[in-house]
Amino acid sequence: MLKYSVNSLIEWQEENGDKSIERLLWIDDEIAYVIDVNKNKVPYIRRIEDIEVALAEDKAEIIKEDKYIVVLREEDIAEKHKVIRDKAWNIVKDMVDKEPDIYQASFRRKLIKKASENYGISEFWILEYLKRYWKRGKTRNALLPDYRNCGAKGKERKARDAKRGRPRANQSVKGEGINVTEDIKRIFRIAVNKYYYTTAKNSLTLTYELMRKEYFNDGFKEENGVTIPILKPQSQIPSFGQFRYWFYKERDLKKEITSRYSNKKYQKRYRPIIGSSLDGVFQPGEFEIDCQVGDVYLVSRFNRNWIIGRPAIYAVIDKFSRMICGIYVGLESGSYLGAMMALLNATTDKVEFCKQYGIEIEEKDWPVHHLPESITADRGELEGGNIENLINTLNVKVKNTPPYRADLKSAVERFFGLTNERVKPFLPGVVDLDGRERGDKDYRIKAKLDIYQFTQILIKCVLYHNNHYHLDYYKRDEDMIEDNVQCIPIELWNWGIANRGGTLRTVRNH
């Protein structure tokens, strides 16, 4: 078994207890050229026999983890660093191929001298390029500059007598300035909590000015009955740049949004997404229900000159498969009655239901006529005493989301958005969300559809969604991938029923 090869690292245990690390650059039957990666030396010779004996007697060992080699993706390298690397590589690329002659001092010196004359660069730097190339794994990226190691990212420099940071502009006028000490940081924290993290929504500039007046003054004076702070000179207080630097370094975005706006806004729009809507959903049987007012005006079936308003659309959707299980179109927005009609439709034979609206389908097109194990709603439709009948009689668990948290029933919310995208451009009497200006025609007088016709359109949307809509965002688990289940609601529904069983129940409609 090959113990080592070119580019291997060997750690030697010296007699005095010190350790050295060498990289193998070139090997033949008797000798090897190596270079000490931690010392400023050129390559030298090691006998293969000496290496074998040292490894056998544990005086040397092969290092498996190479921390000296430079491994970076090309897109992660700054352009100016690539320019430096490529310039150095053009100088040494022809030299490093001349192995093993390049490891001999006299031969190497001639090549370096010639390259120095051709490229106008000192012999010292050419030798440095070669040593860097050999020490760091004999790759092109070994010639990258070490700017990435400069500075002390994440570490704060200690304040001493000298002023830290770049000198101030107009220093002769403003003064040199001061260092930010722990006492000044404490003032910063107090001022930010007092003036910035409030519903007043003060800007950072105003927060700085209010802090100056309260904590960096030399007392107060009275002018016309008004108490005015006597501000310290700019040279004796931290600058706005120092205050801003500290603020962004210790900024608490969650606290900022919740204190300046509200916790509801943070939870709805800014909270970190650490899970998926499918977490904990293993099989069909967990439904979501919601109501949305349609963006279209309807007319009466009996007198088509009467505009009766905008429809309330109720939808019931299975969270696991995104299958639309039931719908209801009425004029009652956010009511218990409308929600019960939609849930009743979920338990209804869809072949008979569609026939009422002149649409012929087969059982396989919409095979849903079940009650769920649980149903998630907002606090509008399924809150109050009436819902106790559903819980006690049919044993359906009801979950209500908190206020302003529509994201907790994202499946049904997304269905409403998709429906708008699909049908709104083609419907007469749609709502113009941009509003009307003076002289514009009233879009309501363009209304032509009645509830029956609009329900027909909605049924066609549901049939398309259930049987043809591909869920690009759906994350299949291992079993689904193994069975090559298509991310279409009807396919997911049928696979879930066949392989995961389910908690669906059939009830008789009375």
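Note that these values count all heavy atoms, side chains included, but never hydrogens, waters or copies made by symmetry.
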Do you know the tightest heavy-atom contact between Arg108 and Ile102? NH1-O, 3.0 Å
Asp76 side chain vs Leu72 backbone, donor-acceptor pair below 3.5 Å: no
Does atom NZ of Lys82 have more than 12 heavy-atom neighbours, drawn from other residues, nucleotides or ligands, at distances under 6.0 Å? yes
Counting distance only, does the side-chain N/O of Lys135 pair as donor-acceptor with the main-chain N or O of Lys39 below 3.5 Å? yes
With under 30° as parallel and over 60° as perpendicular, where do the rings of Phe320 and Tyr474 fit, or are they tilted in between? perpendicular
Kindly say whether Ile21 contributes a backbone atom to a donor-acceptor pair with the side chain of Glu11 at under 3.5 angstrom? no
Under a plain distance cut-off of 3.5 Å, with no hydrogens placed, do Glu256 and Tyr270 share a side-chain donor-acceptor pair? no
Which distance, rounded to the nearest 0.5 Å, do you find between the CG of Asn466 and the CG of Leu492? 11.0 Å
Kindly check if the number of other-residue, nucleotide or ligand heavy atoms within 6.0 Å of NZ (Lys460) is above 12? no
Determine whether a donor-acceptor pair (N or O, by modelled atom type, separation under 3.5 Å) exists between the side chain of Asp365 and the backbone of Ile361. no
Taking Lys201 for its side chain and Arg260 for its backbone only, find out whether a donor-acceptor pair lies under 3.5 Å. yes
Under the rule for salt bridge (charged side-chain N to carboxylate O under 4.0 Å, His left out), what residues qualify as partners of Lys364, not counting sequence neighbours? Glu362
For Lys255, check side chain to side chain donor-acceptor pair (under 3.5 Å) against everything at least two apart and list the hits. Asn193
May I ask you to check whether over 12 heavy atoms, not counting those of Lys59, lie within 6.0 Å of atom NZ? no
According to the interplanar angle, ranging from 0 to 90°, do the rings of Tyr469 and Tyr464 count as parallel (below 30°), tilted (30 to 60°) or perpendicular (above 60°)? tilted
Can you measure from NZ (Lys319) to OG (Ser374) and round to the nearest 0.5 angstrom? 8.5 Å
For Arg140 and Arg85 the tightest heavy-atom approach is O-CG, 3.4 Å
Should we count CD of Glu65 as having more than 12 external heavy atoms under 6.0 Å? no
Residues in side chain to side chain donor-acceptor pair (under 3.5 Å) contact with Trp493, at least two apart in sequence or another chain: none
d(His465 NE2, Leu458 CG) to nearest 0.5 Å is 11.5 Å
Does the cation-pi check pass for Arg414 over Tyr473, that is, NZ or CZ under 6.0 Å from the six-membered ring centre and within 45° of its axis? no
Assess, by modelled atom type and distance only, whether the side chains of Asn420 and Asp295 contain a donor and an acceptor separated by less than 3.5 Å. yes
What ring-ring contact (aromatic ring centres under 6.0 Å, His included) pairs are there with at least one residue in residues 25-55, not counting sequence neighbours? Tyr33-Tyr103
Are the side chain of Trp134 and the backbone N or O of Leu24 linked by a donor-acceptor pair below 3.5 Å? no
Distance check, rounded to the nearest 0.5 Å: Cys325 atom SG versus Ile317 atom CD1? 7.5 Å
Taking ring-ring contact (aromatic ring centres under 6.0 Å, His included) as the cut-off, I'd like each qualifying pair that reaches into residues 176-200, sequence neighbours left out, listed once. Phe188-Phe243, Phe188-Trp246, Tyr196-Phe247
Under the side chain to side chain donor-acceptor pair (under 3.5 Å) test, which residues partner Arg189, sequence neighbours left out? Glu250
Quick one: closest heavy-atom pair of Lys213 and Pro229, and the distance? O-CB, 3.7 Å
Across all chains, not counting sequence neighbours, the salt bridge (charged side-chain N to carboxylate O under 4.0 Å, His left out) partners of Arg212 are Glu209
To the nearest 0.5 angstrom, please state how far the CG atom of Asp218 sits from the CD atom of Gln236. 7.0 Å
Does anything in residues 21-30 pair up under salt bridge (charged side-chain N to carboxylate O under 4.0 Å, His left out), and if so which pairs, sequence neighbours excluded? Glu22-Arg46, Arg23-Asp66
When the side chains of residues 119-130 are checked against the rest of the protein, which donor-acceptor pairs come out under 3.5 Å, sequence neighbours left out?
{"unit_1": "Tyr119", "atom_1": "OH", "unit_2": "Asn90", "atom_2": "O", "d": "3.2"}
{"unit_1": "Ser122", "atom_1": "OG", "unit_2": "Trp125", "atom_2": "N", "d": "3.4"}
{"unit_1": "Glu128", "atom_1": "OE2", "unit_2": "Lys131", "atom_2": "NZ", "d": "3.2"}

Closest heavy-atom pair and its distance - Met323, Val368: CE-CG2, 3.8 Å
Check the surroundings of atom OH in Tyr245: do more than 12 heavy atoms from other residues, nucleotides or ligands lie under 6.0 Å from it? no
All heavy atoms of Val70 vs all of Ala142, minimum pair found to be CG2-CA, 4.3 Å
Salt bridge (charged side-chain N to carboxylate O under 4.0 Å, His left out): which pairs involve residues 477-494, sequence neighbours left out? Asp477-Arg500, Asp479-Arg500
For the CD1 atom of Ile178 and the CD1 atom of Ile184, what is their distance to the nearest 0.5 Å? 3.5 Å
Return yes if some donor-acceptor pair links the side-chain N/O of Lys98 with the main-chain N/O of Asp94 below 3.5 Å, else return no. yes
For Thr139, side chain to side chain donor-acceptor pair (under 3.5 Å) partners two or more places apart: none
Please name the pair of heavy atoms, one in Ile48 and one in Tyr4, separated by the smallest distance, quoted to 0.1 Å. CG2-OH, 3.7 Å
Does Gln104 use its side chain to pair, donor to acceptor, with the backbone of Asp101 at less than 3.5 Å? no
Polar side chain donor-acceptor pair, Ser20 to Glu14, under 3.5 angstrom: yes
Neighbour count above 12 (heavy atom, 6.0 Å) for Lys254 NZ: no
Can a donor-acceptor pair be found between the side chains of Asn38 and Tyr68 at a distance below 3.5 Å? yes
Those residues at least two apart in sequence (or on a different chain) that pass salt bridge (charged side-chain N to carboxylate O under 4.0 Å, His left out) with Glu214 are Lys194
